[in-house]
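The next block holds one structure in the form of structure tokens; read it before the comments.
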Amino acid sequence: MEYNFTAIEPKWQDKWKDDGIYKVNLDPSKPKYYVLDMFPYPSGAGLHVGHPLGYIASDIVSRFKRLKGFNVLHPMGFDAFGLPAEQYAIEHGIHPKKSTETNISNFIAQLTKIGFCYDWDREVRTCEPSYYKWTQWIFLQLFNSFYNRQQQKAVPITELIKAFDANGNANHICPGDNSIHFTAAEWKAYTEKEQQDILMNYRLAFCGYGEVNWCEALGTVLANDEVVNGVSERGGHPVVKKKLRQWYLRITEYADRLLTGLETIEFSEAMKEMQTNWIGKSSGAEISFKLQAASYKQEQSNLQLAACSLELLVYTTRPDTIFGVDFMVVAPEHELIEKITTAEQKEAVEAYITYVKSRSDRERQAEKKITGCFTGAYAINPFDGREIPVWISEYVLAGYGTGAIMAVPCGDERDFKFANHFNIPVTNIIGDAFDGTEANATKDAILSNSGFLDGMKMRDAIEVVINKLEEMGIGKRKVNYKMRDAAFSRQRYWGEPFPIVWKDGIAYPLEETQLPLELPDVESYSPGPEGEGPLANIPEWTTQFATPQSPLQGVRGGMLETNTMPGYAGSSWYFLRYMDPHNDKNFCDRTISDYWNQVDLYIGGTEHAVGHLLYSRMWTKALYDLGHIGFDEPFRKLLNQGMIQGSSRFVYRVVFTYDSEFKNAPLTNVFMFISKNTVDEYNNNSVTAKEKIQEFIANSIAKYSESVKLRNYQIIETHVDVNIVDGVELDIEAFKKWRNGEYANAEFLFEDGKYICGVEVEKMSKSKFNTVNPDTLVEKFGADTFRMYEMFLGPVDQSKPWDTKGIEGVHRFLKKLWRLFFDETKGKVWTDAAPTAEELKVLHRTIKKIEDDTERYSFNTAVSGFMICVNELSDLKCHKKEILESLLILITPYAPHIAEELWQQLGNSGSILDASYPVFNAAHVTETSKEYPVSINGKMRTSLTIALDATEDQVKELVLTNELVQKWMEGKPLKKLIFVKGKMINVVV
RNA sequence: GCCCUGGUGGUGGAACUGGUAGACACGCAGGACUUAAAAUCCUGUUCGCCGAAAAAGCGAGUGCGGGUUCGAUUCCCGCCUGGGGCACCA
């Protein structure tokens with residue numbers, strides 16, 4: 001009986017499904033374990049070999065944990081809302097719902113063939129109303145909450161209203177606009193609209209006007225993490241800044257908790273670093289500089305008084321350098337510019353601002369020129385009264401801090417370059433630490449030229465200055481974050497509608513009973529007017545609550561919000577829905593979420609570092625604050641799988657021009673390809689190679705026409721499908737059939753009778769013809785081979801190019817495993833005989849190795865462990881049932897189909913997943929060394945470790961004769977000596 | 001520029017806390033079985049030297065140059081280099 005995976009695998013996949021073997025239920029008697037994959041976006045291209053890498057890893061972990069007695073939750077679903085489906089709909093006229101459904105069923109079919117143990121009953125799709133009902137519901141929770149800074153948590157907005165009624169906003173600084181202040185009496189006097197506008201400035205999900213990343217080509221705004229180098233992440237379209245009414249998430253209120261929360265979870269250092277940088281916390285001080293009155297006199301002498309009250313507020317992390325301030329720089333958008341610019345400088349300033357406006361973000365990022373303009377105004381250093389010129393420059397960003405800085409050229413590289421460029425004299429406050437040629441950003445220098453700070457270490461001066469500033473009332477301690485509030489609306493169709501009705505400029509939330517607010521079924525997805533989104537074109541939808549029958553009190557005549565939510569809305573909480581996917585009363589029952597709790601292991605790529613992984617952390621924290629769940633970090637541990645790159649293959653085509661009597665001769669159909677080595681020689685200017693190529697071209701052309709004279713030619717590198725290349729050798733027959741026979745008559749210049757292709761590692765993509773489809777591999781070698789091979793390829797967290805050639809080795813291993821049970825001629829060969837000591841040793845070494853390797857996600861070495869084990873058992877001709885059964889259980893997570901089949905063949909009933917995991921017994925693993933107590937200089941020292949085959953005489957001799965040992969005998973304590981093969985190799989002290 | 005991460009045979013990669021570097025696999029070479037092929041099995045395979053060959057031996061060797069240590073792929077310092085992230089954040 002042979003290893004017939006084609007029969008075995010579908011058989012078990014069906015059985016697993018029919019028996020509902022992966023169904024999970026709440027079981028308080030067992031410890032729980034939650035393994036989750038980042039759910040995929042169901043693109044039309046289907047899976048390539050890179051996708052399953054993480055899924056295989058999570059499948060191994062979940063089967064392993066289940067065998068170890070855990071109640072394992074391992075679900076799968078689809079992130080189904082998003083731009084590509086809608087773009088596809090616009091281009092092909094297929095409704096996104098349709099194409100998404102088709103894509104999902106393809107995905108499921110592909111995943112099933114690999115044999116994953118998902119509980120499909122728990123599948124979620126973010127585009128289903130039964131799912132997005134709760135996305136909308138959570139949105140409303142955020143909308144109806146604010147961040148209480150005293151309590152450092154989200155609190156219902158009704159609490160805030162109570163506080164306003166009692167004390168105005170004295171105890172609650174307005175996060176949206178900190179210049180808003182009012183008393184209880186004023187609050188009560190406001191109109192409803194005024195009150196709602198104020199509340200909007202507090203809500204965790206809020207609507208406001210702001211600079212957003214607008215992508216014209218996609219017709220929508222994008223979040224910061226969706227913009228890469230000034231172009232959209234999807235599609236690479238240009239992105240510009242635009243002021244628009246938008247929904248936002250007030251994620252900035254969570255900045256500090258998102259930062260400190262990182263200490264409680266196991267993310268890789270790199271990942272934590274990325275999030276830390278994105279949050280970008282810095283602490284320093286805000287300092288207010290008085291602007292000098294004199295600069296206004298020239299223009300309007302009567303402005304002197306007003307000018308004295310003008311102040312420039314800057315943010316700095318280095319208040320200790322205040323005596324080194326040589327100029328101020330404000331962002332070109334700064335509102336003070338208009339007020340402080342002198343008459344002489346007016347023209348120059350206006351010209352400069354026009355110039356800055358003409359530059360796009362991309363240009364600014366691409367070429368960092370030093371540009372700027374003097375305003376004519378001066379600020380006064382509060383400590384020494386020095387006059388400091390105020391400049392404008394684009395290197396100061398309006399959106400960060402106060403949009404203005406104090407420039408200290410001796411301590412800041414950018415300030416130094418600016419000072420140099422505009423010949424501004426530089427004050428040195430750090431003595432020898434500044435050499436005049438470049439800035440030194442040290443904190444350890446001793447201050448000089450710094451008034452009352454002279455002689456102080458900079459690091460210590462920071463506090464001193466802040467205290468002094470606060471005492472003088474001209475500055476205060478301040479923490480800033482780079483992170484911005486997240487843009488939360490898209491002007492697209494294919495997303496969750498906002499459960500918000502607008503009337504008279506007030507946003508009214510829908511009632512819970514009105515959810516889900518479903519997307520209308522429409523034919524057209526073209527954008528609405530003024531970036532409003534396609535839903536604005538459907539009045540019968542937008543006004544559905546405007547009827548007299550509308551249950552929404554007070555909103556009759558209102559209009560629904562026409563934006564939709566972004567892709568990350570649904571993915572921010574999906575891990576909660578898997579726990580209780582069919583609940584229509586709640587997004588997830590509290591007792592259930594208390595049981596499953598955090599995701600114990602989350603597996604996915606690094607690309608979501610600052611998007612999804614940050615948003616879902618914030619949503620979790622908010623839901624926790626509001627008492628809906630019992631934990632405030634969603635993912636206890638994150639494992640990043642590496643990216644599988646494509647290994648592209650190239651052919652080298654000759655393109656030529658020619659002279660001919662027959663100008664119309666069809667030589668455009670002549671395709672000539674030159675093997676890689678000859679191309680290399682050609683590129684190295686080899687004369688023989690050139691002659692060879694010319695002769696080849698001449699001969700090839702001659703087949704078509706004799707009257708052609710070659711004029712010129714060049715060699716062009718083009719991608720060829722990796723699936724028709726064996727290693728680097730092109731399969732000529734397959735190549736001729738490729739692309740519907742376009743190259744059927746191609747001519748080749750061979751190299752030892754072979755055509756050798758060029759190789760390069762690139763991202764895997766259809767256009768590069770370097771994708772490998774898992775289906776074909778599963779068909780050829782089986783799912784078990786495929787799974788083990790993907791793991792065997794290398795560490796899961798490492799990126800590597802795909803290479804199919806080693807798959808045979810893994811396949812051979814599985815066949816060898818099979819032969820431990822079945823012989824081609826004799827049939828079954830296993831016996832009930834008791835295993836020998838040596839066989840038990842092999843087994844228990846393997847148990848230990850597999851357990852250790854699986855626990856630390858070292859799947860590649862685990863696969864090696866299986867290979868060693870099977871090789872050794874083969875060598876021992878071991879067919880003992882007792883050994884084999886244990887081995888099957890060990891291998892189940894890695895190769896579930898073959899394990900189930902052989903398990904059943906051995907006469908077991910039921911799934912191997914319900915077997916009990918073998919326990920490692922050290923007694924079976926013979927020790928490789930023994931420890932002897934050793935006495936040196938009459939004192940008992942710790943111990944010696946020596947190889948078994950060393951005799952005691954040898955040991956004595958070595959200890960006495962070895963000079964190293966003599967040395968330690970003189971004093972240092974001796975821990976152990978290590979002997980291998982009777983030879984001492986080392987001593988540890 | 002800053003931060004993170006890697007660099008080991010012809011190839012993918014092992015070596016958990018410093019302890020026989022190259023496990024396991026691919027590829028390659030040779031052999032067995034077979035009319036033949038496939039499949040399977042066996043042997044060899046870091047490089048160099050010494051050897052007709054075998055056995056055995058010697059030397060070098062984990063990107064480069066130093067250091068710590070009895071001992072370094074592992075720790076420290078300085079470079080070179082691949083990959084990823086951030087990029088005027090004051």
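So that the names make sense, note that chain A is the first sequence line, chain B the second, and so on, each numbered from 1. Everything quoted here is computed from the prediction, not taken from an experiment.
Not one side-chain nitrogen or oxygen of A:N860 sits closer than 4.0 Å to the OP1 or OP2 atom of B:A25. Applying the 4.0 Å criterion to OP1 and OP2 of B:A90, one finds that A:S282 has a side-chain N or O inside that range. Here A:R819 does not reach the OP1 or OP2 of B:A39: none of its side-chain N or O atoms lies under 4.0 Å away. The side chain of A:Q798 places an N or O atom within less than 4.0 Å of a non-bridging phosphate oxygen (OP1 or OP2) of B:G13. Residue A:N277 has no polar side-chain atom (N or O) positioned under 4.0 Å from OP1 or OP2 of B:C3. Residue A:R812 has a polar side-chain atom (N or O) positioned under 4.0 Å from OP1 or OP2 of B:C26. The side chain of A:K805 places no N or O atom within less than 4.0 Å of a non-bridging phosphate oxygen (OP1 or OP2) of B:U11.
Using a 3.5 Å distance cut-off with no hydrogens or angles, the side chains of A:D784 and A:Y789 do not pair a donor with an acceptor. In this structure, a donor-acceptor pair under 3.5 Å is absent between the side chains of A:S282 and A:Y481.
Rounding to whole angstrom units, NZ of residue A:K815 and C1' of B:C41 are separated by 13 Å.
When distances run from any side-chain atom of A:T316 to the nucleotides B:A25, B:C41, B:A90, the shortest one goes to B:A90.
Both key distances under 3.5 Å define a Watson-Crick or G-U pair, and stretches of 3 or more such consecutive pairs in RNA chain B run B:1-7 with B:80-86, B:10-12 with B:24-26, B:27-32 with B:40-45, B:46-49 with B:57-60, B:63-67 with B:75-79.
The side chain to side chain donor-acceptor pair (under 3.5 Å) search around A:T785 returns A:H811, not counting sequence neighbours.
Straight-line distance between the P atoms of B:C24 and B:U74: roughly 24 Å, to the nearest whole Å.
For B:G9, the base adopts the syn conformation, since its glycosidic angle falls within 90 degrees of zero.
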